[in-house]
Amino acid sequence: MPRTSRGRRAPGASRPNRRTAARRALGAAAALAASLATLVTVAPQAAAKDNSARCPAGKLCLFQYGDYKGEMKIVSSSQPTLGRFDNTTSSLVNNSSLWAVAFTDAKYRGGTTLLVLPHNGPIDLSGAFDGTLDNKFSSIRVATTEHEAVQGTPWMDWSRDPESARPAGLPAVSRFGDLDNDGRADLLERADDGRLWFLPGIANADGSTRGRLVGGGWNSMTQLVRHGDHNGDGKEDLYARDKSGTLWFYPGRGDGAFGTRIRVGGGWNSMREISAAGDLTGDGRRDLLARDTAGKLWLYPGNGKGTFGARRLSGTGGWNSMKQLAAPGDMTGDGKADLLARDGARALWLYPGNGKGAFGTRKKLPYSWPADQPVIATGDVDGDGRSDIMRPIDYQVFVFHGNGKGSIGGPMPDMGWDNASNVRVL
């Protein structure tokens with residue numbers, strides 16, 4: 001697997017199959033293997049100020065000759081061919097916030113490939129790497145994140161094998177996390193630039209995956225949550241809170257996209273966190289949980305129309321010690337929706353639901369769960385009928401398979417991960 005000159009694993013890696021020895025490599029890894037023989041990064045180099053300073057602030061520039069001399073080309077978007085700069089780039093400067101990958105072949109393929117970090121500064125190719133990259137580049141791909149620059153796609157890889165289809169006849173508490181009703185877990189990914197992607201989990205014949213664009217502008221939302229059908233039409237829905245504190249209901253269309261949104265109400269900025277949590281009250285309608293700034297946990301009972309009845313306390317205090325809520329469905333096998341909460345000491349707690357809107361004695365789950373990484377719950381991921389949970393570790397997401405008795409197994413690598421700051425996966 002390629003490594004950078006700093007020894008950090010490059011994005012993308014293969015995942016072992018839980019059931020068969022020959023599982024396809026992650027699309028991210030396949031993209032790397034096909035295009036990158038060697039992936040290298042370089043620290044900024046000292047350069048003659050009057051030459052490298054030719055590149056304006058905030059720009060990525062290629063230069064015809066070493067020492068930042070000759071013709072200069074400003075790059076603001078990906079270039080499958082470099083035109084007059086094809087095999088004639090001898091130095092470059094990155095004063096921009098963009099990530100860049102320069103390729104020795106056209107159309108982002110082949111050979112030794114240079115990963116250029118944001119604000120990397122000057123790189124004189126005529127002197128660096130023993131001159132092996134001097135006058136060698138024929139294309140360059142740029143993006144706002146390392147993941148997109150290296151992989152070439154703004155969405156993350158997510159693929160389900162045929163055997164991961166969920167068994168028929170699952171109880172209502174376990175029927176969530178499937179946006180297109182194909183019997184498999186799906187994901188939504190808000191990319192760093194605010195585009196929202198539907199990841200259906202179906203791979204193409206060549207093993208690659210394709211995200212479907214839901215729309216742009218989703219960085220205006222401070223919370224995104226989903227957990228099954230909230231309006232009774234059999235399609236999974238989405239809730240989003242905007243920066244003004246308004247909560248919106250997006251009815252699912254059953255194909256990974258959403259219909260015209262409905263305003264639920266304002267004032268939701270008083271809540272630190274919102275979690276769609278399934279049917280907690282036992283009335284057949286899915287509910288919402290919200291943790292306020294005072295540390296109280298509120299239950300908003302669903303009315304089956306996408307909005308809610310009068311709220312009531314589900315936890316009287318102390319919930320400020322929890323840094324994230326997640327709704328895994330039924331993890332204990334008793335047919336009731338449960339709750340997960342991660343505290344500031346990296347412990348993940350299972351709160352078994354009692355079917356009446358409250359929770360029983362909590363139980364600590366195995367492993368440490370860092371505060372800077374999300375806990376992702378989309379129900380049964382592997383098709384065994386039991387709820388699983390996921391979390392990213394470095395450049396991959398790992399699945400922790402539920403045992404149906406209130407605990408989980410060890411982590412299994414499952415997909416590539418974009419660790420940019422604005423990425424949200426649910």
Side-chain angles (χ1 to χ4, degrees), residues 11-15 23-35 77-78 80 99 101 107-108 141-162 164-165 176-221 224-226 235-238 240 250 252-259 374 376-379 381 390-392 395-399 413-426:
S14 61
R15 53 178 177 170
R23 183 147 184 156
R24 72 168 188 87
L26 283 171
L32 279 173
S35 62
S77 60
S78 296
W99 291 82
V101 179
K107 299 180 180 180
Y108 322 120
R141 187 161 60 209
V142 299
T144 59
T145 70
E146 180 181 9
H147 174 92
E148 186 172 354
V150 173
Q151 313 299 352
T153 59
W155 62 82
M156 284 183 269
D157 179 80
W158 170 247
S159 178
R160 304 288 84 219
D161 286 333
S164 66
F176 70 99
D178 179 10
L179 284 157
D180 59 359
N181 289 328
D182 68 351
R184 293 176 175 85
D186 306 308
L187 294 176
L188 288 172
E189 176 203 348
R190 185 186 65 189
D192 185 71
D193 59 6
R195 285 176 290 179
L196 186 66
W197 297 93
F198 166 56
L199 309 183
I202 303 297
N204 298 323
D206 63 359
S208 64
T209 63
R210 179 166 292 277
R212 301 181 200 165
L213 181 63
V214 176
W218 288 83
N219 274 351
S220 64
M221 300 299 176
L224 297 169
V225 296
R226 65 179 179 115
K235 302 166 185 175
E236 178 144 326
D237 309 308
L238 175 69
Y250 290 81
R253 298 191 329 197
D255 61 356
F258 303 95
I376 305 167
T378 58
V381 171
M390 298 180 284
R391 59 155 286 206
Y395 283 100
Q396 280 191 286
V397 168
F398 287 72
V399 177
D414 199 67
M415 66 179 287
W417 178 254
D418 183 348
N419 61 0
S421 59
N422 289 322
V423 167
R424 171 83 169 90
V425 174
L426 64 153

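Note that this is a predicted model, so its numbers are computed, not measured.
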Grab the two heavy atoms, one from [X] and one from [Y], that are nearest each other, plus how far apart they are.
X	Y	result
W417	Q396	CB-N, 3.8 Å
D237	R226	O-CB, 3.2 Å
A165	R184	CA-CG, 3.8 Å
F398	P413	CD2-N, 3.3 Å
A420	T145	CB-CG2, 3.5 Å
L238	L188	CD1-CD1, 4.2 Å

Quick one: are [X] and [Y] in side-chain contact, heavy atoms under 4.5 Å?
X	Y	answer
M415	L187	yes
V425	W158	no
D192	S421	yes
L199	W155	yes
Y395	N419	yes

Hey, could you give me the [atom1]/[atom2] distance between [X] and [Y], rounded to the nearest 0.5 Å?
X	Y	atom1	atom2	result
I202	D161	CD1	CG	9.5 Å
T209	N204	OG1	CG	7.5 Å
Q151	Y108	CD	OH	15.0 Å
E148	R141	CD	CZ	8.5 Å
H147	T153	NE2	OG1	4.5 Å
L213	L196	CG	CG	8.0 Å

### Query
Counting only heavy atoms not in R195, do more than 12 sit closer than 6.0 Å to its CZ atom?
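Yes, enclosed.
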### Query
Are the side chain of D178 and the backbone of G183 linked by a donor-acceptor contact shorter than 3.5 Å?
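Such a contact is found between D178 side chain and G183 backbone.
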### Message
Please check this pair: side chain of S78 against backbone of V142, looking for a donor-acceptor N/O pair closer than 3.5 Å.
### Response
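Answer holds: yes.
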### Message
Applying the side-chain contact (heavy atoms from CB on, under 4.5 Å) criterion to L179, which one of K235, R212, R253, E236 satisfies it?
### Response
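One option only clears the test, and that one is E236.
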### Query
Hey, are R160 and D414 close enough for a salt bridge, meaning a charged N less than 4.0 Å from a carboxylate O?
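The answer is yes: the pair qualifies as a salt bridge.
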### Task
List the steps and the verdict of side chain to side chain contact (heavy atoms under 4.5 Å, CB included) for W99 and T144.
CA-CA 6 Å; W99 291 82; T144 59; over 6 Å; no
